[in-house]
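Computed from a predicted structure; not experimentally measured.
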Amino acid sequence: MKRDDLKYERLLTPAEVAGLMRVDLKTVTRWAQQGRLRSIRTPGGHRRYSEAQVLALISPRAFR
């Protein structure tokens with residue numbers, strides 16, 4: 001995913017991702033550090049996640 005693709009994409013905070021995925025906040029941070037979940041950094045250094053990517057990761061789980 002290119003940076004320009006995120007221009008109009010909704011970005012989620014780590015807490016929002018943790019809530020959607022029903023995992024601990026530290027798990028989301030660890031996944032980002034391991035490269036399992038892509039993130040971008042804000043100018044202030046905070047991680048943000050693509051809503052579309054997160055929803056794509058959790059949608060198969062919703063139907064189990």
Side-chain angles (χ1 to χ4, degrees):
M1 184 176 297
K2 298 176 192 167
R3 190 175 206 110
D4 290 340
D5 293 341
L6 296 174
K7 198 179 286 187
Y8 302 106
E9 171 105 31
R10 181 160 184 252
L11 298 175
L12 303 175
T13 66
E16 291 172 323
V17 174
L20 285 171
M21 297 184 107
R22 297 181 182 181
V23 297
D24 192 85
L25 180 61
K26 290 181 182 182
T27 301
V28 174
T29 302
R30 186 172 48 252
W31 287 345
Q33 290 170 342
Q34 294 170 346
R36 296 173 66 186
L37 188 60
R38 280 193 274 170
S39 67
I40 64 164
R41 295 283 187 143
T42 66
H46 301 280
R47 291 186 189 270
R48 294 295 181 262
Y49 303 88
S50 160
E51 180 181 44
Q53 179 194 12
V54 172
L55 294 177
L57 288 172
I58 63 173
S59 43
R61 292 187 206 173
F63 297 105
R64 286 185 184 176

Asker: Could you check if a side-chain atom of Pro14 sits within less than 4.5 angstrom of a side-chain atom of Arg48, using non-hydrogen atoms only?
Answerer: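 Answer yes - side chains close enough.
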Asker: Hey, what do you get for OG (Ser39) to NE2 (His46), rounding to the nearest 0.5 Å?
Answerer: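 These two atoms lie 13.0 Å from each other.
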Asker: To the nearest 0.5 Å, what is the distance between CG on Asp24 and CZ on Arg30?
Answerer: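 Answer rounded to 0.5 Å: 8.0 Å.
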Asker: What is the distance from atom CD1 of Ile58 to atom CG of Leu20, rounded to the nearest 0.5 Å?
Answerer: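 It comes to 5.0 Å.
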Asker: Could you see if Val23 belongs to whatever hydrophobic cluster contains Leu12? Use Ile, Leu, Val, Met, Phe, Trp, Tyr and a side-chain cutoff under 4.5 Å.
Answerer: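 Yes; Leu12 is reachable from Val23 via cluster members.
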Asker: So if you build clusters from Ile, Leu, Val, Met, Phe, Trp, Tyr with side-chain heavy-atom gaps below 4.5 Å, do Leu57 and Leu55 land together?
Answerer: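 Linked within one cluster.
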Asker: Would Val17 and Leu37 satisfy side chain to side chain contact (heavy atoms under 4.5 Å, CB included), going step by step from the backbone distance to the final call?
Answerer: CA-CA 10 Å; Val17 174; Leu37 188 60; 4.1 Å; yes
Asker: Hey, does Arg41 have a side-chain heavy atom less than 4.5 Å from the side chain of Arg47?
Answerer: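 The answer is yes, as the side chains (C-beta and beyond) meet within the 4.5 Å cut-off.
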Asker: For Tyr49 versus Val54, what's the shortest heavy-atom pair and its separation?
Answerer: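 It is CB-CG2, 4.1 Å.
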